[in-house]
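Here the structure comes first, spelled out in structure tokens, and everything after it is commentary.
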Amino acid sequence: MAIPVRPRLLAALAPTFLGCLLVQVAPAAGTPQKAFNLTWNSINFKTILEWKPKPMDYAYNVEISSGSKWKIKCFLITDTECDLTDETVQDVHLTYQARVLSVPRNNTYLEEPPFANAPDFLPYRDTKLGKPVIQHFKQVGKELNVTVEDSPTAVRRNGTFLTLRDVFGKDLSYTLHYQKESSSRAKPANTNTNNFTIPLEQAKGYCFTVQAVIRSRKDNQQSSQSNMECSDEWDSIMGETLIIVGAVVFVVIIFFILLSVYLCKCKKGRAGQQRKENSPLRSA
Ligand SMILES: *[C@@H]1O[C@H](CO)[C@@H](O)[C@H](O)[C@H]1NC(C)=O
Ligand SMILES: *[C@@H]1O[C@H](CO)[C@@H](O)[C@H](O)[C@H]1NC(C)=O
Ligand SMILES: *[C@@H]1O[C@H](CO)[C@@H](O)[C@H](O)[C@H]1NC(C)=O
Ligand SMILES: *[C@@H]1O[C@H](CO)[C@@H](O)[C@H](O)[C@H]1NC(C)=O
Ligand SMILES: *[C@@H]1O[C@H](CO)[C@@H](O)[C@H](O)[C@H]1NC(C)=O
């Protein structure tokens, strides 16, 4: 009884299935689809616009503007990203608009093609700070010095790339998180330059990371943390030992100098006394 029902049921459902299939397949057959999820991926002013979906048999044009005219930057691409660095570093204090147009591969269309707008992009405010690099560090006894590399950006002036410090000036600071190798609580220290001089509690090995910070920002204030570095406990202890040894040697030398001066005076004194004692005899 159930067996004859099934084919009939299938036959009845088939158009629905086909309909579903057609609805899903139809947009993939070459009609340009509107882009979505447009996101700026910008680090130290290298700026790439990304979006979705991968095009099926059509292409994308990407246009950018800083207020007046649209300028086409990526033309008939089948990628879902476009590098807009060259445009956005022209003036990092301007607000840029960008849009992604979905067009037939032959770029001929009668009506306006579907397009999507990216969020406004202001490089100075929106570019993310790259992970900092610790260039150099040195611990001697209870003093730790750390120098952070001044990373190059994608911003060019007179043919050279400006550094983060060149672009952000005093807006840019760095935070150091440091902790004794064994203990887990990290302490912060800040600098407005690229150098830290940290007075430590003990002449032991310390581990630390560095983070770039722009306090004037609301979002993307901080970079991710640099790789961790650890100062050599032995080095720092050697440093302290050397200082102590030096101090002891100094004290000992001073002691000997004082002692010899004292002994000299004693001798002279005694010699003088002897002379005084002897003089009457001589004169006599
Ligand atoms: C698009 O972005 C939204 C958030 O903006 C997210 O929830 C969604 O998963 C994204 N879609 C895709 C396909 O990645
Ligand atoms: C361009 O491509 C579209 C879709 O692929 C097609 O409908 C149209 O006829 C083409 N136009 C020309 C001029 O080739
Ligand atoms: C750390 O830097 C300061 C200032 O530049 C300098 O006087 C000091 O000798 C340095 N200390 C170490 C351990 O390098
Ligand atoms: C470099 O650029 C500045 C303006 O940013 C300009 O004043 C200066 O003359 C330029 N120097 C050279 C060597 O081109
Ligand atoms: C920072 O430290 C480096 C290396 O120790 C040194 O060359 C540089 O002059 C220092 N800069 C400042 C601003 O103190």
Side-chain angles (χ1 to χ4, degrees), residues 42-46 89 91-93 123-217 220-254 257:
S42 177
I43 296 177
N44 289 355
F45 298 98
K46 172 143 183 77
V89 297
D91 186 342
V92 297
H93 294 280
Y124 194 85
R125 181 194 65 190
D126 296 332
T127 198
K128 293 195 179 87
L129 300 168
K131 179 172 150 177
V133 173
I134 294 172
Q135 188 175 48
H136 177 78
F137 64 88
K138 188 177 181 191
Q139 183 180 348
V140 174
K142 290 187 187 175
E143 188 174 66
L144 171 67
N145 282 2
V146 178
T147 301
V148 186
E149 185 183 283
D150 194 7
S151 312
T153 68
V155 184
R156 243 182 292 189
R157 287 290 170 273
N158 298 344
T160 58
F161 290 103
L162 300 186
T163 64
L164 271 187
R165 178 68 63 197
D166 291 336
V167 178
F168 287 109
K170 283 180 182 163
D171 282 354
L172 173 68
S173 59
Y174 288 93
T175 302
L176 181 86
H177 305 275
Y178 64 104
Q179 60 193 110
K180 242 176 292 163
E181 253 168 333
S182 48
S183 78
S184 55
R185 201 186 296 162
K187 284 189 174 180
N190 298 302
T191 181
N192 290 320
T193 68
N194 284 46
N195 291 354
F196 291 93
T197 300
I198 311 286
L200 300 168
E201 282 164 10
Q202 296 179 30
K204 288 201 167 167
Y206 279 74
C207 290
F208 45 90
T209 60
V210 165
Q211 218 174 358
V213 184
I214 295 183
R215 289 184 206 289
S216 59
R217 283 183 174 187
N220 295 326
Q221 256 200 355
Q222 301 181 332
S223 72
S224 56
Q225 308 228 345
S226 71
N227 291 339
M228 184 176 273
E229 294 280 7
C230 291
S231 63
D232 202 331
E233 188 169 359
W234 195 78
D235 261 5
S236 62
I237 286 174
M238 275 308 286
E240 179 134 289
T241 312
L242 282 179
I243 290 170
I244 292 170
V245 167
V248 167
V249 167
F250 183 73
V251 167
V252 167
I253 288 173
I254 294 287
I257 289 173

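Indexing begins at 1, ligand by ligand and atom by atom, following the structure's order. Just so it is clear, the structure is predicted and the values come from calculations on it, not from any experiment.
In this structure, the protein non-hydrogen atom closest to atom 9 (O) of ligand 3 is Glu143 OE1, 4.1 Å. In this structure, the protein non-hydrogen atom closest to atom 5 (O) of ligand 5 is Thr147 OG1, 3.7 Å. The closest protein non-hydrogen atom to atom 4 (C) of ligand 3 is Thr197 OG1, 4.3 Å. What sits closest to atom 12 (C) of ligand 5 on the protein, heavy atoms only, is Asn195 ND2, 3.0 Å.
Of all atoms in ligand 3, listed by their number and element, those nearer than 4.0 Å to a heavy atom of Val140 are 13 (C). Ligand 3 places these atoms under 4.0 Å from at least one heavy atom of Lys138: 14 (O).
Results of the side chain to side chain donor-acceptor pair (under 3.5 Å) test with Lys187 over Gln179, Glu201, His177 single out Glu201 as the only residue that passes.
Within a 4.0 Å radius of atom 2 (O) of ligand 5, the protein has at least one heavy atom. Protein heavy atoms all stay at least 4.0 Å away from atom 7 (O) of ligand 3.
Using a cut-off of 4.0 Å between Lys/Arg side-chain N and Asp/Glu carboxylate O, Glu149 and Arg165 are scored as not salt-bridged.
At least one N/O-N/O distance between Asn145 and ligand 3 falls below 3.5 Å.
With no hydrogens or angles considered, a side-chain donor-acceptor pair links Asn190 and Thr175 at under 3.5 Å. With 3.5 Å as the limit, one finds a donor-acceptor pair spanning the side chains of Asp171 and Tyr124.
In summary, the aromatic rings of Phe196 and Phe137 are positioned with their centroids too far apart to meet the 6.0 Å limit. Between Phe168 and Phe45, the distance separating the two ring centers is shorter than 6.0 angstrom.
Residue Tyr178 holds its OH atom at 12.0 Å from OG of Ser231, rounded to the nearest 0.5 Å.
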